[in-house]
Colleague: 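Following this message is one structure expressed as structure tokens.
Residue numbering restarts at 1 for every chain, and letters A, B, ... go by the order of the sequence lines. Source: prediction; values computed, not measured.
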Amino acid sequence: MVESVTAKLILFGPVLTLRCSYSSTTDQALLLNEFTRLCYQRDLPRALKVMDSLQSHGLWADSATYSELIKCCLSHRSVHEGNLICRHLYYNGHQPMMFLVNVLINMYVKFNLLNDAHQLFDQMPERNVISWTTMISAYSKCKLHQKALELLVLMLRYSVRPNVYTYSSLLRACNGMFDVRMLHCGIIKEGLESDVYVRSALIDVFAKLGEPEDALSVFDEMVTGDAIVWNSIIGGFAQNSKSDVSLELFKRMKRAGFIAEQATLTSVLRACTGLALLELGMQAHVHIVKYDQDLILNNALVDMYCKCGSLDDARRVFSQMKERDVITWSTMISGLAHNGYSQEALKLFESVKSSETKPNYVTIVRVLFACSHAGLLEDGWYYFRSMKKLYGIDPVREHYGCMIDLLGKAGKLDDAVKLLNEMECEPDAVTWRTLLGSCRVQGNMVLAEYASKKVIELDPEDAGTYIVLSNIYANSQKWDSVEEIWTRMRDSGIKKEPGCSWIEVNKKIHAFIIGDDSHPQIIQVKKKLNQLIHRLIGIGYVSKTNFVLQDLEGEQMEDSLRHHSEKLALVFGLMTLPSEKVIRIRKNLRICGDCHVFCMLVSKLENRSIVIRDSIRCHHFQDGKSSCGDYG
DNA sequence: GTAGGGTTAG
């Protein structure tokens, strides 16, 4: 490493030694003065010229002056000039002060030239905590967490004590709880846990690793905080599917007198998206108007409107955006498909070509998702086969997953299996679950048994797999096998997630859970539901009894379907919302075939628009039809 | 004097 720096110096040296015109001490002092003046004026070109003359005299200015000049290089992103300064400082075996080397290392880090930074670091005769922290921070930012931790061990070996800067940098590099616990102990031992940066890093890393309780306890122990720590905790919960906690914390933040900025509002939108809270999301939109050209916020807004099933609003925000990036396009493509407009999604993707944006692998995943959601087999094959050639993107698991779904749902299970076997990466639980889903649609029990075995091997805790398999058996009246599955689930302590639907009425969220009568108006709701069912039967409604999970007969069988949570939420909506208002429901699981028919008929009978977001898509019911076509 | 924090698609 040292050799390469020396090589740079030799290359640079001889040219400059020719320009020697100053000789007396006064001249030298004047030259140094001139240099300092130019550096503080940030006049980079002239300062560099004078630097040449200094070098030919073997003169060096003071460290603060060079530090100014380097700042100037950084603000202009002038890598070449930064290199010239570095060579000058090491010219002729000169050793710059430790402080200045730290500044240089930092410069290389900011230029993303980690090797150059590390080279200077390696040849330092002495290093202080700042030298170490600069390198650790650099590796943390590049997600080279192992390297960052190695440097911590080394610095301790050199008896340099880490400080709050070191720890806050290091925490960002953690990707396992072991490292976090170890660092957390170090932080407490050194008495550094009250530092606000350390705390926000701890909160972020706990949230990132799916330990929101730990994140919250670090947050709650804090005596003083600032807006960014609030953003950390609100964002942390929003990213971990704990949107309700995130919104509660947002309320607390406002009560504490903090103003919501872009980052806060983005997380709040994400939380609204997670809970499908359109009304609240729209309220947030009002506060966002002053940041109307903030790209990240607008992206979050588009996503919120799409996932809350309000496509017109999403389209409006999208079309008014002055700047769009790959996330904007991917979000809108995905959002259209999510709401049943796959053809429009593909058209939009075609128009990405005339924009400046280059699609990335996520964009292609969303395009294939659009194809699979509408059964667009030919389009799917076209995009899948051409992605490498047209966009230079190699297919990964998610791309294969969409294709397997597309083929399987289109009845081409053999082709789906063939593609699964051809995958360059190992299929994971999600891949096999996708195939299993297709087996349910196609009623292929043999393949379903094989696929579910694979899913259970890879993800034994997932209740959904057992449920799908039990559904397949139930459809074929194989009640012994159904019973066997349920026994197996009981024995392994795996619990089925109960079906739950939520509806927002008058700024309050009402939850309806299957088998749970705790909603205060549940008796009226059920009574009204029964009346509605009778009226629907009058116009031809027949319960699709094969969606029942247990071996029940006749009346009982119909009853358990009758009380699916989305039906209860829908009836509650009919009872409480004004007739012109769209009824919007979010459900945690997929909507079942019976409820799907039920909603279509209700939309016609009651002349209502109904939007139900289930675990993978939005269904818009209007005038007896659903936006998802046959691909529910 | 030089080193550390929050936000968007999957």
Colleague: Heavy atom of residues 199-213 of chain A under 4.0 Å from DNA chain B: which residues?
Modeller: A/Ser200, A/Asp204

Colleague: Near DNA chain B, counting only heavy atoms under 4.0 Å, which residues of residues 354-362 of chain A show up?
Modeller: A/Asn360, A/Tyr361, A/Val362

Colleague: For DNA chain B, which residues in residues 258-271 of chain A have a heavy atom at a distance below 4.0 Å?
Modeller: A/Glu261, A/Gln262, A/Ala263, A/Thr266, A/Ser267, A/Arg270

Colleague: So which pairs with a foot in residues 300-335 of chain A pass ring pair (Phe, Tyr, Trp, His ring centres under 6.0 Å), sequence neighbours left out?
Modeller: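 Non-adjacent pairs meeting ring pair (Phe, Tyr, Trp, His ring centres under 6.0 Å): A/His285-A/Tyr305, A/Phe318-A/Trp329.
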
Colleague: Taking atom P of B/dA3 as reference, at what distance in whole Å does atom CZ of A/Arg127 sit?
Modeller: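 My rounded result for the distance is 19 Å.
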
Colleague: Under the rule for side-chain hydrogen bond (donor to acceptor under 3.5 Å, both in side chains), what residues qualify as partners of A/Asp428, not counting sequence neighbours?
Modeller: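 For A/Asp428, the residues satisfying side-chain hydrogen bond (donor to acceptor under 3.5 Å, both in side chains) (neighbours in sequence not counted) are A/Thr431.
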
Colleague: For A/Ile234 and B/dG5, what is the distance between atoms CD1 and P respectively, to the nearest whole Å?
Modeller: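 Those two atoms, CD1 and P, are 20 Å apart.
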
Colleague: Parallel, tilted or perpendicular for A/His94 and A/Trp60, by the 30°/60° rule?
Modeller: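 Parallel.
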
Colleague: How far apart are the C-alpha atoms of A/Lys388 and A/Ile393, what are their side-chain angles, what is the distance that settles it, and do they pass the side-chain contact (heavy atoms from CB on, under 4.5 Å) test?
Modeller: CA-CA 5 Å; A/Lys388 171 79 179 157; A/Ile393 299 162; over 6 Å; no

Colleague: Taking atom C1' of B/dG4 as reference, at what distance in whole Å does atom CH2 of A/Trp132 sit?
Modeller: 18 Å

Colleague: Could you list the residues that satisfy side-chain hydrogen bond (donor to acceptor under 3.5 Å, both in side chains) with A/Asp244, not counting sequence neighbours?
Modeller: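 Applying side-chain hydrogen bond (donor to acceptor under 3.5 Å, both in side chains) to A/Asp244 gives none.
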
Colleague: Got a sec? Which of residues 287-304 of chain A come in under 4.0 Å of DNA chain B, heavy atoms?
Modeller: A/Ile296, A/Asn299, A/Asp303

Colleague: Measure from NZ or CZ of A/Arg127 to the centre of the six-membered ring of A/Phe121 and say whether it is under 6.0 Å with the direction within 45° of the ring axis.
Modeller: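 Positive - A/Arg127 is close enough to the ring of A/Phe121 and near enough to its axis.
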
Colleague: Would you find a donor on one side and an acceptor on the other, under 3.5 Å apart, between the side chain of A/Ser246 and the backbone of A/Lys242?
Modeller: no

Colleague: Which residues pass the side chain to side chain contact (heavy atoms under 4.5 Å, CB included) test with A/Asn299, sequence neighbours left out?
Modeller: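 Per chain and number, A/Asn299 pairs via side chain to side chain contact (heavy atoms under 4.5 Å, CB included) with A/Leu295, A/Met321, A/Asp325, A/Ile327, A/Thr328.
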
Colleague: Rounded to the nearest Å, what distance is computed from the CG atom of residue A/Leu104 to the P atom of nucleotide B/dA3?
Modeller: 12 Å

Colleague: For A/Ala370, give me all partners under side chain to side chain contact (heavy atoms under 4.5 Å, CB included), at least two apart in sequence or on another chain.
Modeller: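 Side chain to side chain contact (heavy atoms under 4.5 Å, CB included) list for A/Ala370, sorted by chain: A/Ala337, A/Ser342, A/Ala345, A/Leu346.
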
Colleague: Could I get the full list of side chain to side chain contact (heavy atoms under 4.5 Å, CB included) partners for A/Ala263, not counting sequence neighbours?
Modeller: A/Asn231

Colleague: Do we get A/Arg315 above A/Tyr341's six-membered ring, with its NZ or CZ under 6.0 Å from the centre and within 45° of the axis?
Modeller: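 Judged by the rule (NZ or CZ under 6.0 Å from the ring centre, within 45° of its axis), A/Arg315 counts as positioned above A/Tyr341.
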
Colleague: If only side-chain N and O atoms of A/Lys307 are considered, is one of them under 4.0 Å from the OP1 or OP2 phosphate oxygen of B/dA9?
Modeller: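 No.
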
Colleague: Which atom pairs, donor and acceptor, lie under 3.5 Å between side-chain atoms of residues 70-78 of chain A and protein residues at least two apart or in another chain?
Modeller:
| from | atom 1 | to | atom 2 | distance (Å) |
| --- | --- | --- | --- | --- |
| A/Lys71 | NZ | A/Glu68 | OE2 | 3.2 |
| A/Ser75 | OG | A/Lys71 | O | 3.4 |
| A/Ser75 | OG | A/Cys72 | O | 3.0 |
| A/His76 | ND1 | A/Cys72 | O | 3.0 |

Colleague: State which residues pass side-chain hydrogen bond (donor to acceptor under 3.5 Å, both in side chains) with A/Lys141; sequence neighbours excluded, sorted by chain then number.
Modeller: none

